[in-house]
Amino acid sequence: MNQLHLFLPCAAGVEGFLADEVHAITGATGQDLLVGRGGVMLRGMWRDALLLNLHSRLAQRVLIELSHTMYRSENDLYRAASEVAWEIWFSPKETFKIEVTSQHSPLTSLNFAALKVKDAIADRFREKRHGVRPSVETHHPDVRVHLHLTTDGATIYIDTSGEALFKRGWREDKGDAPLKETLAAAMIAASGWNPHGDNPQPLYDPCCGSGTVVIEAAQIARKIPAGILRRFAFEKLVPFQRHVWEAMLDEAESQILAESPVGIYGSDISFRMVDFAERNAERAGVAKTVQLRGGDALQRMPPCDEPGMMLLNPPYGERIAAAGVAGQKAQERMEVVERAGRETAQTEDGGEFFSQLATHWKKNYSGWSGFMLTPDLKLPGKMRLKESRRTPMWNGPIECRLFRFDMIKGAVKPRKNAPGSAAEGDTAQ
């Protein structure tokens, strides 16, 4: 198959990390690999699309661009879709669905735009396949076609992934408000944690929930591909060759390590969540790689003698109340909001929990670095810590920061107007 134009959408703030990952997987550089807003563009081959689906931990999907044109009306969309050779991508036996996204489109109905593209695909098949056309299936289609509209541009893609790539195939026990696997992987990438690099460090999540961060880290450490457990939409497309794909899987499986080069640890005050995490780790093939325990984040001592990295999405709202002794009143101030079909908990406080967590870290985690993903831009102040780095990152529609705190020996600064001098201990910069 000729060279393809691939687009890999990702969460805002992750584009640069995704470009690095795509380069590592495919070797693409220069004009063949471009960073855009909300994703990465790649000039590659069909094989690259399969490799990216299997190995990418940061992309949301792997899309192949089939058409890009200017438009003014729905009729222009029909014309553009009619000119795509759909018959070389799938057959009338497969079901399909049109998904539409837009940025400042002048069209009054995106549903009507989707209908025109659907009609164009059906009419094209009728013409090319003697009146036979594929059926539409809105819930579990074999083929997803994506139409993206801007003010005057229309781009049509075919989706090689199927279900979004954050669905790795191992999660059954989610618990409350689970962190998406792609976001956990983005946190790991932004932290710079590399178990195979020159300075491998143990990793610890003291608020591990259902285990997303530690499971992602364990698979990275063991070189287990992100998509090794799931199926993909490309398996039902015409270019797919089963023997080629099986060879890719064999090659990937041959690279998996029996053990992690570093320790990977998780804990949570909720033993129910730890049980979820253990079962998820078992399905992900890393049950013996991660060490999971129950325990309050405000009291848990370092899980190993060697200083390492803490990486966590700290609890907010309802989860603060379950996170430790400082969170009992947080629930009273919680406001639950619905955004993009997901429930998120927001609170104005939680300061007592975080200040106590910082005190615990300063006293017991000398030499460790802590990375915390939070929508609270005032979190360093609540913790009385000075961050050494802040990385913008989006959790769905919510703007967040990944703060880095480094625990070093020194003097703890007293609160303003606090009596007496500071006691000797650990602090952070």
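The distance between the ring centers of Trp245 and Phe234 falls below 6.0 angstrom.
For the pair Leu373 and Leu183, the minimum side-chain heavy-atom distance is below 4.5 Å. At least one side-chain heavy atom of Arg43 sits less than 4.5 Å from a side-chain heavy atom of His5. A heavy-atom distance below 4.5 Å is not found between the side chains of Leu147 and Leu110. A heavy-atom distance below 4.5 Å is found between the side chains of Pro141 and Thr95.
The closest donor-acceptor contact from the side chain of Arg230 to the backbone of Glu163 lies under 3.5 Å. In this structure, Asp123 contributes its side chain and Ala120 its backbone to no donor-acceptor pair below 3.5 Å.
Ring orientation note: the planes of Tyr204 and Trp368 are nearly perpendicular, at an angle over 60° on the 30°/60° scale. In this pair, His360 and Tyr365 present their aromatic rings perpendicular. The plane angle is above 60°, beyond the 30 to 60° band. The aromatic rings of Trp46 and Trp89 sit tilted relative to each other, their planes meeting at an angle between 30° and 60°.
At a cut-off of 3.5 Å, with distance as the only test, no side-chain donor of Gln356 or Thr359 sits close to an acceptor on the other residue.
If you run side chain to side chain contact (heavy atoms under 4.5 Å, CB included) between Val145 and each of Val100, Asp159, Ile121, Leu63, only Ile121 comes through.
A cation-pi contact links Lys180 to Phe166, judged by a cut-off of 6.0 Å to the six-membered ring centre and 45° from its axis.
Under a 4.0 Å N-O distance rule, the pair Arg171/Glu181 qualifies as a salt bridge.
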